[in-house]
Amino acid sequence: MNEELEKRIKKVNAKKFGDDLVGWFEQEMRDLPWRENQDPYRVWVSEIMLQQTRVDTVIPYYNRFMEQFPTVEALANAPEDQVLKAWEGLGYYSRARNLQAAVREVHETYNGIVPDSPKEIFALKGVGPYTAGAILSIAYGKPEPAVDGNVMRVMSRILSIWDDIAKPASRKVFEAAVRELIYRENPSYFNQALMELGAIVCTPTSPSCFLCPVQSHCAAFAEGSQQELPVKSKKKAAKTVELLTVIAENNKGEVLVTQRPEQGLLANMWEFPSFEKNGTDISSQMSEFLLSDYQVEAVITDEEWLAQDHIFTHLIWKMQVGRAKVSMADTALPEKTLWVSKDKIEKLAMPVSHRKIANRWSALT
DNA sequence: GAATCGTGGTA
DNA sequence: TTACCAAGATT
């Protein structure tokens, strides 16, 4: 941290800043399910779900999840496919697998008690610097920084910090700043208030400075630079991949599905057989694919192909979905491949694009 | 340090 | 429509 910034931090009246911020939070905080109590497990689950995900999106998932897996023990003992299914639609599915792996470690190593030391919490799978600080402060009241995107935005304005917040190294600057300013009377509310302020008042575009409880402490407001902060570099555009996807039905009304590899994109999720398009003879590509990869003989039916896009952050799938009639192959299927009925396909965890395709297939009655 | 890893909402 | 955004972690 440079001396310039150190000087600005010293100039902030930390006591009054905390009083103003936490006082505002006590008045304005939203009534959210994970604020019901300070159960470390409940706090933990909420923080994992909230990673890169909006509050409104998380709420219904969180309520269902806590009903299904109310305790460390319940989640530790649950089948993994059930946990993944509970996560369906939330995205970043490694969060679900890492969470369960970490919960199992807490169950076995810590007798079901979420540890309260920075070193032990940080060592848990899926728990990084932000989440460790969030659990320590919110569940255990420890004065640890919890620096997320909100906190970087708010503090960049309060302290006029022009570091590029898209760069990983910048987080440390903000952690150091928060360490100096943290409200030791109530670290939990202080951290939550910084995030709440970022979500409600100190928004990315057109912040509502006129109703900000810490306006008088804000360097950016004083110099009129709140619209220019934080500095955030742009990310590169997503690549597009063209896929062919097949709804392959047998004569029992079942469809072929396969489970993705346990590493990488959409790990362990179920999907309809798909492959990268290579040319214009898509029907023949598809029957060759079914034969070579699944030992299934099929006739591509002569119906119109439907389009389904799947937009990721760094990737776009443009999918063309065809249907195939399989003359019942009693030969064994490859590993992690199944014939499933409409009832069964609902229970599998699928990414949104394939879930939409499944729903369209089911609607064909 | 840059790339990877989802999804739905919004300007 | 495009681009960006949202309580980040892992590789």
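So that the names make sense, note that chain A is the first sequence line, chain B the second, and so on, each numbered from 1. Predicted model, so just to flag it, every value in this text is computed and none were measured.
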DNA chain B contacts among residues 172-192 of chain A, heavy-atom distance under 4.0 Å: none
Taking OP1 and OP2 of dT7(B), is either one under 4.0 Å from a side-chain nitrogen or oxygen of Tyr93(A)? yes
Pick base, sugar-phosphate or nothing for Leu90(A), based on heavy-atom distances below 4.0 Å to the nucleic acid. base
Start at the 5' end of DNA chain B and walk down; is the nucleotide closest to Lys236(A) or to Ala267(A) reached first? Lys236(A)
Identify each atom pair where a protein N or O and an N or O of nucleotides 2-5 of chain C are less than 3.5 Å apart, giving names and distance.
unit_1 : atom_1 : unit_2   : atom_2 : d
dC5(C) : O2     : Arg54(A) : NH1    : 3.2

Would you say that more than 12 heavy atoms from the other residues, nucleotides or ligands in this model lie under 6.0 Å from the NZ of Lys235(A), or not? no
Looking at Glu196(A) and Arg35(A), does any basic side-chain N land under 4.0 Å from a carboxylate oxygen? yes
Quick check for you: to the nearest 0.5 Å, what is the distance between Leu75(A) atom CG and Glu80(A) atom CD? 10.5 Å
Between the side chains of Arg171(A) and Glu175(A), is the shortest nitrogen-to-carboxylate-oxygen separation below 4.0 Å, so that they form an ion pair? yes
Could you check whether Trp87(A) gets within reach of a base, just the sugar-phosphate, or nothing at all, counting any heavy atom under 4.0 Å? nothing
Test: Arg179(A) and Glu144(A) ion pair at under 4.0 Å: yes
With a non-hydrogen cut-off below 4.0 angstrom, is Gly198(A) in contact with a base, only sugar-phosphate, or nothing? nothing
Base, sugar-phosphate, or nothing for Leu32(A), non-hydrogen atoms under 4.0 angstrom? base
Determine the contact category for Arg260(A): base if any of its heavy atoms lies under 4.0 Å from a base atom, sugar-phosphate if only primed atoms, P, OP1 or OP2 are that close, otherwise nothing. nothing
Nearest-Å distance for atom pair CE/P, residues Met269(A) and dC5(B): 14 Å
Across the strands shown, which category fits Ala146(A) at heavy-atom distances under 4.0 angstrom: base, sugar-phosphate, nothing? nothing
If I take atom CG in residue Leu315(A) and atom C1' in nucleotide dT4(B), what distance separates them, rounded to the nearest angstrom? 10 Å
Touch class at under 4.0 angstrom, heavy-atom based, for Thr57(A) against every strand present: nothing
Toward the 5' end of DNA chain C, which comes first, Arg35(A) or Gln263(A), by nearest nucleotide? Arg35(A)
Roughly how many Å is it from CZ in Phe312(A) to C1' in dG8(B), rounded to a whole number? 14 Å
Report yes if the distance between the aromatic ring centroids of Trp317(A) and Phe312(A) is under 6.0 Å, otherwise no. yes
Which residues, if any, of residues 118-131 of chain A bring a heavy atom under 4.0 Å of DNA chain C? Lys125(A), Gly126(A), Val127(A), Gly128(A), Pro129(A), Tyr130(A), Thr131(A)
What is the distance from CE of Met350(A) to P of dT7(B), rounded to the nearest Å? 12 Å
For atom CG of Asn98(A) and atom C1' of dT10(C), their distance in whole Å: 8 Å
